[in-house]
Peer 1: 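Quick one: structure below, then a few questions.
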Amino acid sequence: MNEIIFMLGDWPVRGIDALISFGALVLILLVVIAVVIARSGRRGAELAMASAIRADELEERLAQVLRAQAEASGRVDAMTQALAGRQAEMARAVNERLDSVTHRVGQSMEHSTRNTMESLRALHERLGIIDSAHKNLTDLTTQVTTLRDVLANKQSRGAFGQARMEAIVQDGLPKGSYEFQFTLSTGKRPDCVVFLPDQRPLCIDAKFPLEAMTALHDARTDEEKRLATQRLRGDVMKHVSDIAEKYLVTGETQEMALMFVPSESVYAEIHDGFDDVIQKAYRARVVLVSPSLLMLAIQVMQQIMKDARMRDAADQIQTEVIKLGDDLGRLRDRVLKLQKHFADANEDVRQILISADKIEKRAGRIEELDFSKSDAPEGPRLVTPGAGELFPRKLQAGE
């Protein structure tokens, strides 16, 4: 065993040394293997633990993914339902809008049709009015032609003026306050007289100087105008003189008479172009009036008559007012008596209410009494006047 096996440099290697070295080497290898095995086991445990942790994390993540997927599915379902509801609402809204638009279009068409029918009816009515107006215009043309023929005749012209005057007087005055063709004491007969409150008639006579006015309008030269002016002035003054001489009777008629000119244009021409004639007529106590001025004069006369009737009835009105005052005094006395009756009735009602309150209080006290039977017999009890008395005293009047 101590034999030298080989030489290691200058160091001889014997069998025992080799054996010891081999044993040490094996021991070292075993230690290294144990260390390696221990380290590998610890690493395996760590790896297993890490794997377990990772598996738990994966499971948790998988659960989160599943939950997220479930939430996503729920959200998708909710979104699907919401979209379906929105789609249904949109469809319903669209249908409602379409129905509304259809209804409005129908109403609009119906309204347009009705308006069109009304417009056509109004158009037919206006066409009928136009036809009627055309017919009236034709009739008016015929009447104007007839009026021209009437005015061309002096007697017809006088009858026309008198007819207009009679229409104005009849429309403005009550019957009995005027008379046509009234005969005066002188035997003259004016066209119309109006009886004023003093019973003196106001004479009205219709005159129509149409021929002279027509000649003035038809005049072309200065000489013709001068002659037509003189003729018109002379005709008007002749009418004024005739009225003043015939119809102004002292003590019988009014101090003024009216000359009625039945044409507004003729009256305006005379009033504007012949002021001297108007002044002379005023001085002759004759007033020229047109149809509108005659209407105004008739209204003034009507008011004068009304005032006169009121003055005549003043005494009767005063008597009625005095009687009305007496009736008012009697009414006041009766109202005072009625007021006294009401006061007495209120006092009686107040006394009745007082008695009712007292009766109610006594009924309450009766309800408070105890009538239940006790075991021990009760002896006779003296009733003394006091608060427990059933009927302490008689009710007096007014309580």
Side-chain angles (χ1 to χ4, degrees), residues 36-143 171 292 335 338-339 341-343 345-368:
V36 170
I37 290 172
R39 287 181 178 178
S40 62
R42 189 168 54 250
R43 287 181 180 176
E46 291 177 356
L47 290 174
M49 187 178 296
S51 298
I53 293 171
R54 288 181 181 178
D56 293 337
E57 290 179 355
L58 289 174
E59 288 179 0
E60 185 177 359
R61 289 183 180 180
L62 182 60
Q64 291 178 355
V65 169
L66 292 176
R67 285 196 301 271
Q69 185 177 1
E71 292 178 357
S73 298
R75 291 180 180 177
V76 169
D77 293 337
M79 291 179 63
T80 303
Q81 293 178 359
L83 289 174
R86 294 286 181 86
Q87 186 176 3
E89 291 179 358
M90 185 178 294
R92 185 169 59 256
V94 169
N95 291 329
E96 291 178 355
R97 293 288 180 88
L98 287 175
D99 293 339
S100 176
V101 170
T102 304
H103 182 66
R104 290 181 181 178
V105 169
Q107 287 184 345
S108 178
M109 292 181 65
E110 183 180 358
H111 184 67
S112 300
T113 304
R114 187 165 54 251
N115 290 337
T116 303
M117 295 300 294
E118 290 179 356
S119 299
L120 290 175
R121 184 167 55 254
L123 181 60
H124 287 302
E125 291 177 356
R126 292 191 178 184
L127 288 175
I129 293 173
I130 292 173
D131 293 337
S132 177
H134 184 267
K135 183 178 179 181
N136 292 335
L137 184 61
T138 304
D139 296 339
L140 183 61
T141 304
T142 304
Q143 292 176 5
D171 291 339
S292 58
V335 169
L338 183 60
Q339 184 179 6
H341 291 322
F342 279 143
N346 289 329
E347 181 63 23
D348 293 339
V349 171
R350 189 180 70 83
Q351 294 294 335
I352 291 171
L353 291 176
I354 292 173
S355 299
D357 292 337
K358 290 183 178 182
I359 292 172
E360 186 177 0
K361 291 179 181 178
R362 295 184 188 279
R365 287 200 293 269
I366 291 172
E367 289 179 358
E368 292 176 357

Peer 1: In this structure, are over 12 heavy atoms from other groups packed under 6.0 Å from E89 atom CD?
Peer 2: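 Atom CD in E89 is crowded, with more than 12 foreign heavy atoms closer than 6.0 Å.
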Peer 1: Mind checking the CD-CD spacing from E125 to E118? Nearest 0.5 Å is all I need.
Peer 2: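 E125 CD to E118 CD: 10.0 Å, rounded to 0.5 Å.
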Peer 1: Kindly indicate whether the side chain of M90, heavy atoms from C-beta on, has any atom under 4.5 Å from the side chain of Q87.
Peer 2: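 Counting from C-beta outward, M90 and Q87 never come under 4.5 Å.
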Peer 1: Applying the side-chain contact (heavy atoms from CB on, under 4.5 Å) criterion to R350, which one of N346, I354, D348 satisfies it?
Peer 2: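 For R350, the side-chain contact (heavy atoms from CB on, under 4.5 Å) check succeeds only for I354.
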Peer 1: Would you find more than 12 non-hydrogen atoms of other residues, nucleotides or ligands less than 6.0 Å from R114 atom CZ?
Peer 2: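 Counting neighbours around CZ of R114, more than 12 heavy atoms of other residues, nucleotides or ligands fall under 6.0 Å, so yes.
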Peer 1: Say you draw a straight line from CE of M117 to OG of S112; how long is it, rounded to the nearest 0.5 Å?
Peer 2: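 Separation between the atoms: 13.5 Å.
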Peer 1: How long is the gap from CG on D99 to CZ on R92, to the nearest 0.5 Å?
Peer 2: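 The CZ atom of R92 is 12.5 Å from CG of D99, to the nearest 0.5 Å.
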Peer 1: Under 3.5 Å, side chain of T102 to main-chain N/O of L98, donor-acceptor pair present?
Peer 2: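 Between the backbone of L98 and the side chain of T102 there is a qualifying donor-acceptor contact (under 3.5 Å).
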Peer 1: For the CD1 atom of I53 and the CG atom of L58, what is their distance to the nearest 0.5 Å?
Peer 2: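 Spacing of CD1 (I53) from CG (L58) equals 12.0 Å.
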Peer 1: Would you say that more than 12 heavy atoms from the other residues, nucleotides or ligands in this model lie under 6.0 Å from the CD of E360, or not?
Peer 2: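 Counting other residues, nucleotides and ligands, CD of E360 stays at 12 neighbours or fewer.
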Peer 1: For the atom pair CD (Q64) and CZ (R61), what is the distance rounded to the nearest 0.5 Å?
Peer 2: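 Going from the CD atom of Q64 to the CZ atom of R61 covers 8.0 Å.
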Peer 1: List the residues meeting side chain to side chain donor-acceptor pair (under 3.5 Å) with N115, not counting sequence neighbours, and say none if there are none.
Peer 2: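 With neighbours one apart ignored, the set is H111.
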Peer 1: Can you measure from CG (L66) to CD (E71) and round to the nearest 0.5 angstrom?
Peer 2: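 So the CG of L66 and the CD of E71 are separated by 11.5 Å.
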